[in-house]
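Both backbone and side-chain heavy atoms feed into the values below; hydrogens, waters and symmetry mates do not.
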Amino acid sequence: MTLSVCIIVKNEEEVLGRCLSCAEKFADEIVVVDTGSTDGTVLIAEKFTDKVFFFKWRDDFSAARNYAFEKASSDFLMWLDADDVITDENCEKINALKSVLDSYDMVMMPYAAAFDGETPTFVYERERIFRRSGNYKFEGAVHEAVTPCGRLFHSDAVIYHKKIKENEPLRNLAILQKLIASGKKLDDRQKFYYGRELLFNGMYREGIAVLEDFLNGNGWSVNKCEACINLYQAYIGLGNEKSALAALLRSFTFAPPGSAACCILGAYFMKKLDLASAKFWYETALKADGVELSGGFVNRDYCGFIPNIQLCVIYDRLGEREKAYAFNEAAGRIKPNNCDYLNNKKYFEELGIRGEI
């Protein structure tokens with residue numbers, strides 16, 4: 001099976017070569033669609049492929065992605081962003097995957113979007129490769145996506161999203177507000193992201209109204225859980241602790257308690273000096289499923305390091321230092337160079353409690 005890698009770009013000269021150097025290790029064809037670059041992006045693209053096309057930008061990422069797919073000719077189509085990076089190990093996994101693609105319609109892959117050094121800490125699964133004959137289409141002017149369907153394969157090949165510059169803070173918000181002003185009704189997924197964009201830009205009351213409305217709709221359960229966390233943060237920002245807690249606990253009506261919500265509750269009770277409640281929620285966080293395969297956002301620190309390091313503090317305050325030490329060592333196995341872990345280790349050694357990871 002052949003594989004086309006399709007990328008939409010605008011003023012990406014700083015990162016495009018890095019991305020295409022990865023893609024050429026497994027791609028049978030590279031398609032680059034430029035949406036209005038004024039720097040050297042196109043010249044860089046032409047060094048890697050003769051399939052460089054131009055698309056007039058119209059505030060619609062899905063339209064540009066779908067145009068790129070239309071220009072590809074391989075059996076399967078894969079999308080990347082210009083600031084994505086793929087390690088040699090993961091390139092090898094994608095190459096190996098090509099031999100079994102014919103048994104599937106869509107491939108899901110982990111997308112790492114935040115890091116501690118080179119270790120991914122924020123990961124979520126995305127639809128990444130599609131059978132061309134399936135005529136899959138992206139939907140959504142921003143935060144575009146293809147709804148997973150057909151025969152799915154969950155690959156462990158990770159794509160690293162390595163930004164070196166931030167997006168314009170109001171870009172996505174402006175696109176969505178332009179759609180609303182034109183009379184277009186946002187679907188549930190776009191409503192979710194619209195509410196988040198409002199919150200990220202400090203418009204708490206407006207964002208809360210949108211996300212509360214979203215929770216009453218038919219959106220994905222993973223997005224509803226994330227919306228509840230966003231609402232917690234927004235209500236805290238407004239000083240409304242009661243509504244914040246109600247929003248966070250509402251997430252448990254959509255799915256089993258996730259590690260992020262549990263850690264947030266743990267931190268809340270730590271501030272209240274309620275160690276028993278904090279301990280319960282951090283221990284629950286360690287038992288919670290990270291649900292990376294669900295399509296939800298997963299902060300891996302909430303799944304291991306944070307609850308372990310906090311349980312170390314809690315058990316130390318409770319006078320159970322052997323347990324505290326064990327939790328600190330568990331945190332150290334995840335982040336052996338972390339200063340909190342190392343400071344705790346030194347503290348325990350001074351108390352005569354020592355050991356090796």
Side-chain angles (χ1 to χ4, degrees), residues 1-88 90-91 94-95 98 107 109 111-113 115 126-132 135-146 157-176 178-179:
M1 292 289 103
T2 55
L3 179 65
S4 295
V5 170
C6 303
I7 306 176
I8 60 173
V9 296
K10 182 179 179 180
N11 293 336
E12 300 287 5
E13 65 178 6
E14 295 177 279
V15 293
L16 183 58
R18 183 184 67 177
C19 177
L20 295 179
S21 294
C22 300
E24 68 177 357
K25 295 175 183 177
F26 55 82
D28 299 290
E29 175 183 70
I30 294 175
V31 174
V32 177
V33 171
D34 186 81
T35 63
S37 294
T38 55
D39 62 2
T41 294
V42 171
L43 292 175
I44 293 171
E46 288 174 342
K47 294 178 181 179
F48 292 87
T49 179
D50 60 358
K51 302 203 75 171
V52 178
F53 302 94
F54 299 90
F55 182 82
K56 186 176 181 180
W57 180 243
R58 56 179 193 238
D59 288 337
D60 190 330
F61 282 92
S62 284
R65 295 259 188 228
N66 292 332
Y67 179 79
F69 273 14
E70 290 170 7
K71 295 300 182 181
S73 60
S74 296
D75 302 310
F76 285 82
L77 313 176
M78 177 180 185
W79 68 273
L80 289 175
D81 281 340
D83 46 9
D84 288 341
V85 178
I86 309 174
T87 65
D88 286 343
N90 287 307
C91 286
I94 297 172
N95 264 321
K98 289 163 63 177
V107 178
M109 290 184 180
Y111 203 17
F115 305 83
R126 283 298 308 268
E127 66 288 3
R128 183 63 62 176
I129 298 175
F130 313 89
R131 183 183 294 274
R132 186 164 67 91
N135 197 32
Y136 291 99
K137 300 292 184 183
F138 283 92
E139 296 180 345
V142 298
H143 299 291
E144 67 283 5
V146 179
V158 184
I159 310 299
Y160 287 11
H161 192 53
K162 288 275 196 174
K163 286 187 175 184
I164 65 171
K165 61 181 180 181
E166 293 301 318
N167 295 332
E168 299 172 24
L170 295 174
R171 181 195 68 183
N172 292 345
L173 183 60
I175 291 174
L176 290 168
K178 182 179 177 181
L179 284 176

## Note on the structure
Rounded to the nearest 0.5 Å, the CD atom of Glu24 sits from the SG atom of Cys19 at a distance of 10.5 Å
### Reported OG1-to-CD1 distance for the pair Thr35 and Ile8, which is rounded to 0.5 angstrom
6.5 Å
### Message
With a 4.5 Å cut-off on side-chain heavy atoms, are Met109 and Ile129 touching?
### Response
yes
### Task
Would you check if Trp79 and Leu77 make a side-chain contact, meaning some heavy-atom pair closer than 4.5 Å?
no
#### Entry: His143 versus Asn172, closest heavy-atom pair with distance
NE2-ND2, 3.6 Å
### Task
Output, in order, the C-alpha distance, side-chain angles, deciding distance and verdict of side-chain contact (heavy atoms from CB on, under 4.5 Å) for Glu29 and Thr2.
CA-CA 8 Å; Glu29 175 183 70; Thr2 55; over 6 Å; no
### Task
Of all the heavy-atom pairs spanning Leu3 and Met78, show the shortest one and how long it is.
CD1-CB, 3.9 Å
### Message
Taking the cut-offs as 6.0 angstrom to the six-membered ring centre and 45 degrees off its axis, would you call Lys98 and Phe76 a cation-pi pair?
### Response
no
### Message
With a 6.0 Å cut-off (strictly less than), is the heavy-atom count around NZ of Lys178, excluding the residue itself, greater than 12?
### Response
no
### Query
Of the options Glu46, Glu14, Lys10, Glu12, which is the one that meets Thr41 in a side-chain contact (heavy atoms from CB on, under 4.5 Å)?
Glu12
### Query
Quick check: does any side chain N or O of Glu144 sit under 3.5 Å from a backbone N or O of Ser62, one acting as donor and the other as acceptor?
no
#### Entry: Stepwise side-chain contact (heavy atoms from CB on, under 4.5 Å) check, Arg18 with Asp83
CA-CA 8 Å; Arg18 183 184 67 177; Asp83 46 9; 4.0 Å; yes
### Query
Please walk me through it: do Glu127 and Tyr136 pass side-chain contact (heavy atoms from CB on, under 4.5 Å)?
CA-CA 11 Å; Glu127 66 288 3; Tyr136 291 99; over 6 Å; no
#### Entry: For the student: nearest non-hydrogen atoms of Tyr160 and Val158, plus distance
CE1-CG1, 3.4 Å
### Query
When you look at Phe69 and Phe138, which way does the ring-ring contact (aromatic ring centres under 6.0 Å, His included) test go after all the steps?
CA-CA 10 Å; Phe69 273 14; Phe138 283 92; 5.5 Å; yes
### Task
Hey, could you give me the CD1/CD1 distance between Ile159 and Ile94, rounded to the nearest 0.5 Å?
4.5 Å
### Message
Please evaluate residues Val31 and Thr49 with respect to the criterion side-chain contact (heavy atoms from CB on, under 4.5 Å), reporting the C-alpha separation (whole Å), side-chain torsions for both, the decisive distance (0.1 Å), and the verdict.
### Response
CA-CA 7 Å; Val31 174; Thr49 179; over 6 Å; no
### Task
Considering non-hydrogen atoms only, spot the tightest contact between Phe48 and Gly17 and give its length.
CZ-O, 3.8 Å
### Task
Specify whether Tyr111 and His161 have parallel, tilted or perpendicular ring planes, treating 30° as the upper limit for parallel and 60° as the lower limit for perpendicular.
tilted
#### Entry: Arg65, Lys163, Arg128 screened by salt bridge (charged side-chain N to carboxylate O under 4.0 Å, His left out) with Asp81, the one that passes
Arg65
### Query
For the residue pair Ile175 and Ala141, what are the closest heavy atoms and their distance?
CG2-CB, 3.9 Å
### Euclidean distance, Ile86 CD1 relative to Lys162 NZ, rounded to 0.5 Å
13.5 Å
### Query
Are any non-hydrogen side-chain atoms of Val33 and Cys6 less than 4.5 angstrom apart?
no
### Message
Return the OG to CZ distance between Ser37 and Phe54, rounded to the nearest 0.5 Å.
### Response
8.5 Å
### Message
How long is the straight-line distance from NZ of Lys51 back to OG of Ser73, given to the nearest 0.5 Å?
### Response
4.0 Å
### Query
Considering all heavy atoms of both residues, which atom of Ala23 and which atom of Leu80 are nearest to each other, and what is their separation?
CB-CD1, 4.3 Å
